[in-house]
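Since we're looking at a predicted model, the values are computed, not measured.
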Amino acid sequence: MSYLAEHRKGFVGTIIFHVIVLVLLLLFGFFTPLPLPGEEGILVNFGNSEQGSGPQEPAPSRQTSPPVVQEKKEVTPPPVTPPPPTPAASQPEVKEEVMTQDFEETVAIDAAKKKQAEEKKRLQEQENKKRQEELERQRKIEQEAQRQVELERQRQAELERQRLAEEAERQRKAEEERKRKEAEQQKIAEINNRASNAFGAGGAGTSDSESTGQGVTSSGGNQGSPNGSANSNNYMDGGGQGDGISYDLGGRLPINRIEPNHPGEEEGKVVVTIRVDKSGRVISAEAIARGSTISSAHYWKAAEEAARKTRFEEGPSAEAVQRGTIVYNFRLK
């Protein structure tokens, strides 16, 4: 804190006190009596005879009443006009008093005006300083707000970048998982093909094999119900509806027959394992490689969708979740 700011109250009080004293002096102390007194001089008698040239001034004669004399004409000397009073006798004193009065009043007024001007200048400087401080504070507030906006924009951009990176990573993992499943399905299909070739094209018999096995759930032999038809393609106990689909659910028959879509130009069959609740609703369906002659993922997906839409008879005495299979035979029309 500067010296002026620290003693500001003292300066202001001193200035106010001196201004009041100066005003009182101007009103009651410095004034000129009006009307101004007239100029006065001193009469000096130089005389008109040799007596007036002595070293001593004669005493003034007593004035007595003049005696009564006879009238006679006498020649009176011209009246002696006293010389004008010298200005040195009175003028310097009056002039000095007036000059002193004017000078002191002018100096006091100039000092008061100077102090007022200095006070006004000081107040103006303080006002300008406060205005500059307020502008600086507003500028800092605006800069801080802009900095916060920029930080928020950068944070949002970073979050968006992380989200895109996570989305790309998720898609990459999903693609890898899809490729892995396709590779596994392809391997399973190759294994099934090699196994079917080893037993003569799935047990149907070839030119170099006399095997007639038709098993899809065991290693060989004919599969099916002992009471079934030898020409039927339904290998499960419980029969089926038509040559395209066969069901096996412990004797529970389906109440609707959902044929799968034929998504390609292949022929063969797809075995789907199912889980059914007591009400007959299919809880889950999953195509398996064992017994399936088609390894295409599109056929497997079509078979699974058809199996999920299938409904079976209610089984109050059945298990809470009963397992079974559905075989879909895909043929070109």
Side-chain angles (χ1 to χ4, degrees), residues 161-209 211-224 233-236 240 243-249 254 257-277 281-310 321-333:
R161 187 185 64 80
Q162 293 179 359
R163 186 186 67 80
L164 293 176
E166 291 176 356
E167 181 67 18
E169 181 67 16
R170 186 183 63 80
Q171 292 180 358
R172 185 183 65 81
K173 291 182 178 179
E175 183 67 17
E176 291 179 354
E177 183 66 18
R178 185 185 64 81
K179 291 181 179 180
R180 185 184 64 80
K181 288 183 178 180
E182 290 182 354
E184 289 179 355
Q185 293 175 0
Q186 186 176 0
K187 290 180 179 179
I188 292 173
E190 292 176 356
I191 292 172
N192 290 335
N193 290 334
R194 288 197 296 268
S196 62
N197 292 332
F199 291 101
T206 61
S207 58
D208 56 353
S209 176
S211 174
T212 58
Q214 295 177 332
V216 296
T217 59
S218 59
S219 60
N222 292 330
Q223 180 180 353
N233 292 325
N234 184 7
Y235 303 131
M236 308 300 178
D243 294 334
I245 308 174
S246 59
Y247 304 89
D248 180 17
L249 190 61
R257 183 173 181 271
I258 305 299
E259 294 184 359
N261 296 326
H262 202 293
E265 299 296 330
E266 297 184 36
E267 288 188 348
K269 59 185 176 181
V270 176
V271 179
V272 180
T273 61
I274 58 175
R275 298 170 64 209
V276 184
D277 59 10
R281 184 173 60 89
V282 176
I283 300 175
S284 65
E286 182 181 2
I288 60 175
R290 187 179 182 87
S292 299
T293 60
I294 299 177
S295 60
S296 174
H298 300 289
Y299 283 86
W300 285 30
K301 184 177 180 181
E304 290 174 352
E305 291 178 354
R308 292 190 187 98
K309 297 178 182 179
T310 303
V321 178
Q322 188 174 0
R323 298 178 180 273
T325 57
I326 303 177
V327 179
Y328 294 97
N329 292 284
F330 292 91
R331 295 185 177 87
L332 294 177
K333 297 181 181 180

Inset, instruction - State whether the side chain of Tyr247 and the backbone N or O of Gly324 hold a donor-acceptor pair below 3.5 Å, judged by distance alone. - result: no
Legend entry - Residues Arg180, Glu184: salt bridge by 4.0 Å N-O rule: yes
Legend entry - Distance-minimising heavy-atom pair for Lys269 and Asn329: CB-OD1, 3.4 Å
Inset, instruction - Find the distance between CZ (Arg323) and CG (Asp248) and round it off to the nearest 0.5 Å. - result: 13.5 Å
Legend entry - Distance in Å, Ser292 OG paired with Tyr328 OH, rounded so as to fall on 0.5 Å steps: 12.0 Å
Legend entry - Straight-line distance of Arg275 CZ to Arg281 CZ, nearest 0.5 Å: 11.0 Å
Inset, instruction - Please round to the nearest 0.5 Å and tell me the distance separating atom CD of Gln322 and atom CD1 of Ile274. - result: 8.5 Å
Legend entry - Pairing of Lys309 and Glu305 as salt bridge, 4.0 angstrom limit: no
Inset, instruction - Would you name the heavy atoms of Pro260 and Ala302 that are closest together and state the gap between them? - result: CB-O, 3.6 Å
Legend entry - Separation between CD1 of Ile258 and OG1 of Thr310, rounded to the nearest 0.5 Å: 5.5 Å
Inset, instruction - Measure across Trp300 and Ile294 and return the closest heavy-atom pair with its distance rounded to 0.1 Å. - result: NE1-O, 2.6 Å
Inset, instruction - Would you indicate whether the side-chain heavy atoms of His262 and Leu332 approach each other to under 4.5 Å? - result: yes
Legend entry - Between CD on residue Glu267 and OH on residue Tyr299, distance to nearest 0.5 Å: 8.5 Å
Inset, instruction - Apply side-chain contact (heavy atoms from CB on, under 4.5 Å) to Glu182 and list each qualifying residue two or more places apart in sequence or on a separate chain. - result: Arg178
Inset, instruction - Answer whether the closest heavy-atom distance between the side chains of Ile245 and Glu259 falls below 4.5 Å. - result: yes
Legend entry - Presence of salt bridge, Glu166 and Arg163, under 4.0 angstrom: no
Legend entry - Lys/Arg N to Asp/Glu carboxylate O, Arg170 vs Glu167, below 4.0 Å: yes
Inset, instruction - Might you point out which heavy atoms bring Val282 and Ala307 nearest each other, and give the distance in Å? - result: CG2-O, 3.4 Å
